[in-house]
Number of protein chains: 2
Amino acid sequence: MLELRLVQGSLLKKVLDSIKDLVNDANFDCSATGFSLQAMDSSHVALVALLLRSEGFEHYRCDRNLSMGINLGNMAKMLKCAGNDDIITIKADDGSDTVTFMFESPTQDKISDFEMKLMDIDSEHLGIPEAEYHAIVRMPSSEFARICKDLSSIGDTVLISVTKEGVKFSTRGDIGTANVVCRQNTTVDKPEDATIIEMNEPVSLTFALRYLNSFTKATPLSNMVTISLSSELPVVVEYKIAEMGYIRFYLAPKIEEDDEDPKP
Amino acid sequence: MLELRLVQGSLLKKVLDSIKDLVNDANFDCSATGFSLQAMDSSHVALVALLLRSEGFEHYRCDRNLSMGINLGNMAKMLKCAGNDDIITIKADDGSDTVTFMFESPTQDKISDFEMKLMDIDSEHLGIPEAEYHAIVRMPSSEFARICKDLSSIGDTVLISVTKEGVKFSTRGDIGTANVVCRQNTTVDKPEDATIIEMNEPVSLTFALRYLNSFTKATPLSNMVTISLSSELPVVVEYKIAEMGYIRFYLAPKIEEDDEDPKP
DNA sequence: TATATTTTTG
DNA sequence: CAAAAATATA
C-alpha cells in the first residue's frame with residue numbers, strides 16, 4: 001500500500017506542469033526513499049529526472065517498491081482540479097491498476113478524490129553517471145527563462161560560453177544576431193538574485209533552444225537554476241524543489257557546424 | 001558614427017509596438033536634431049510621423065545624417081528582448097549595413113547586443129503642411145482607445161462631430177447604431193482626465209475605424225491624445241512622448257455616402 | 001501575423 | 001473593476 005501526503009500540494013501541480021509538455025507517459029517510482037521519475041522526452045533527445053524525497057512529505061508510507069505508469073497529461077489535468085493551497089494525498093493499493101489523488105482544502109470543507117487508470121510503460125531506467133563539470137552557473141531562474149525565450153525569437157540554437165567573468169548566450173537567425181552576457185554577481189541584496197559561476201575551465205556548447213524553453217516551464221518551482229556544463233556532455237539544468245529534492249533536465253549539445261547550411 | 005543612448009528604453013519599445021502593425025518597413029532618419037521616421041502604412045492610406053528629439057537622449061552622437069532602412073517587425077522583435085527598465089543604445093558605424101541595439105539592465109549585470117541588417121527602402125518623405133484646424137480635441141488616450149474599440153464592434157467607420165459642447169463619435173452597422181458623446185470637461189482632479197475642445201467651427205468627418213484602432217496602439221505612450229480635425233483634411237491623432245517628441249498619425253476622411261452600398 | 005480570449009495583477 | 005500580459009486561434 002502506498003499513501004503519500006503532501007501538504008504543499010501546489011508543488012506537485014507545478015512539477016507536472018513542468019514535465020507534461022516534454023514527456024507524455026512515464027513511470028513514477030515509489031520506494032522508501034522517495035517518489036521519483038526518470039524519462040526521456042518523446043523525441044528521445046532530452047531526459048527528465050525528478051526526485052521528491054520521503055522526508056518532504058507529511059506522511060509517507062510505501063510498503064513495497066512500486067512503479068506506476070502514468071499519462072502525465074492526464075495526471076496534470078487531475079491536479080489542476082486541486083486548489084493551490086490544497087493538501088494532496090497519493091494513494092495506491094498493492095496490485096491495483098489505479099492510483100487515487102485526494103485533495104483536501106485548507107479548511108477541510110472540500111475533499112475531492114480523483115482516480116486514474118495506470119498503464120504499462122516500458123521503463124528504460126538509465127543510470128546517469130555523476131560527472132565533474134567544467135563549469136556550473138547558478139542564476140535566477142526567471143532570468144534564464146527570459147534569455148531562452150528572447151533568444152528563441154531570433155534563432156533556434158544557443159551557444160552558451162562560460163568564462164570566469166560571466167556567461168554568454170549567443171544566437172543568430174535570419175533577422176540578425178544576439179548576445180546576452182550575464183556577469184558573475186554575488187553582491188546582491190537577495191541571495192536569489194545572485195549569478196554565481198564556478199569554473200574549472202572555459203566551456204562553449206550549443207543547444208537547441210526549443211528544449212531549453214521547455215525546461216524553463218519549471219521556473220515556478222525555484223528562484224534559482226543551476227546549469228552544469230562540460231564539453232561533450234549533456235548539460236544539466238536543475239531546479240531545486242524546496243525541502244524535497246529536485247527536477248533535472250539533461251540535453252546533449254549540438255555538434256557545431258561551421259556553415260549554417262552544411263553540405264556534407 | 002551614430003550612438004544614441006536612451007535611458008528610458010521602454011519608450012522605444014512602445015514606439016515600435018505602436019507602428020509596427022501599420023508600417024512594415026521604413027527609414028529611420030538620424031540628424032543632429034533627433035531620431036525621426038515618416039512612413040505611409042502598407043496600404044498607403046495612413047501616415048505615421050515620429051520624432052524623438054536629441055535632447056531626450058542621455059547621450060546623442062550623430063556625426064552625419066543617416067537614413068536607416070529597417071523592417072519594423074524585426075526591430076520590434078529585438079526590442080522585445082530588452083527589459084522595460086533597460087537602457088537602450090542604438091549604434092551604427094558610418095557606411096555599415098547593420099545597426100546594433102544594446103540593452104543594459106539597470107544593475108548592469110546583464111548586457112545584450114542585437115545586430116540587425118539594414119535594408120534599402122525608397123523613402124518618400126512627404127512634406128506635411130502645417131494646417132489650421134477647425135477643431136482640436138484633447139482627451140484621455142485610454143478613453144479614445146476604448147471608444148474606437150467599442151464602436152468597431154458595431155460598425156466599420158466612425159463619424160466624429162465636434163461642437164462647442166463636446167465631441168460625438170457615431171457609427172452604424174448591421175446590428176444597430178451607436179453614439180458616444182464626450183462633453184468638454186476641464187474641472188477634473190487630474191489634468192490628464194480632462195477633455196478639452198478648441199473649436200473655431202463645427203466639423204463632422206468620417207473615418208475608417210480600422211485605422212483609428214491601429215493608431216490607439218500608441219496609447220501606452222501618453223495619457224492624453226490630441227485629435228485635430230478640419231473638413232477635407234486628414235485628421236491628426238497625436239500622442240506626445242514625454243520630454244522627447246511625438247508620434248502623429250494622419251488619416252484622410254472618407255467621403256460620406258448617403259447609402260451604405262453606393263451604386264454610382 | 002493580428003486579433004480574440006483568457007489569466008493575472010494593480 | 002480595469003488594465004496589462006500571456007496565450008490561443010484564425
Side-chain angles (χ1 to χ4, degrees), chain A residues 10 13-14 16-18 20-22 73 76-77 79-85 141-154 173-176 209-210 213-214 216-221, chain B residues 8-26 39 41-43 45-46 48 70-86 116 119 139-156 173 175 180 182 188-190 192-193 208-225 239 249 251:
Chain A
S10 61
K13 292 174 54 126
K14 289 179 194 163
L16 266 109
D17 284 337
S18 324
K20 67 160 203 286
D21 293 336
L22 207 58
K77 254 188 204 167
L79 293 181
K80 282 228 188 308
C81 305
N84 275 325
D85 301 324
S141 57
S142 57
E143 195 166 329
F144 178 64
R146 176 69 196 263
I147 292 168
C148 291
K149 175 174 151 279
D150 284 350
L151 293 193
S152 64
S153 75
I154 309 292
D174 293 340
I175 71 170
L209 278 164
R210 191 184 141 216
N213 271 317
S214 192
T216 61
K217 299 264 160 67
T219 302
L221 281 167
Chain B
Q8 201 180 339
S10 60
L11 274 187
L12 197 62
K13 293 174 53 132
K14 288 178 193 164
V15 162
L16 265 109
D17 283 338
S18 323
I19 56 181
K20 68 160 206 287
D21 294 339
L22 207 57
V23 182
N24 295 124
D25 307 305
D41 85 290
S42 354
S43 47
V45 175
V48 195
I70 286 185
N71 176 295
L72 299 182
N74 291 343
M75 179 170 169
K77 245 188 204 172
M78 289 194 165
L79 293 181
K80 281 225 191 308
C81 303
N84 277 324
D85 301 323
D86 283 4
M116 195 175 80
M119 48 201 301
M139 63 191 297
S141 57
S142 56
E143 194 166 329
F144 178 63
R146 178 66 195 261
I147 292 167
C148 291
K149 177 172 153 275
D150 285 351
L151 294 193
S152 65
S153 73
I154 310 291
D156 299 326
I175 68 168
V180 179
C182 297
V188 286
D189 294 346
K190 299 171 213 153
E192 64 261 33
D193 290 338
L209 279 164
R210 190 182 144 218
Y211 290 97
L212 296 184
N213 271 316
S214 193
F215 301 167
T216 60
K217 298 264 157 72
T219 303
L221 280 167
S222 173
N223 290 323
M224 300 290 297
V225 63
Y239 296 83
F249 301 97
L251 179 65

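- What separates CG of B:D41 from P of C:dA2 is a distance of 12 Å, to the nearest Å.
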Please enumerate all protein N or O atoms sitting under 3.5 Å from an N or O of nucleotides 1-10 of chain D, with distances to 0.1 Å.
none

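- Nearest heavy-atom pair across A:L209 and A:C148 is CD2-O, 3.9 Å.
- Computed from coordinates, the B:N213 CG to C:dA2 C1' distance equals 12 Å when rounded to whole Å.
- For B:S152 and B:N213, the side-chain atoms include at least one donor-acceptor pair closer than 3.5 Å.
- With rounding to the nearest 0.5 Å, the separation of NZ in B:K77 from CE in B:M116 is 11.5 Å.
- Using cut-offs of 30° and 60° on the angle between ring planes, the pair B:F249 and B:F215 is parallel.
- Side chains of B:S43 and B:Y211: a donor on one and an acceptor on the other come within 3.5 Å.
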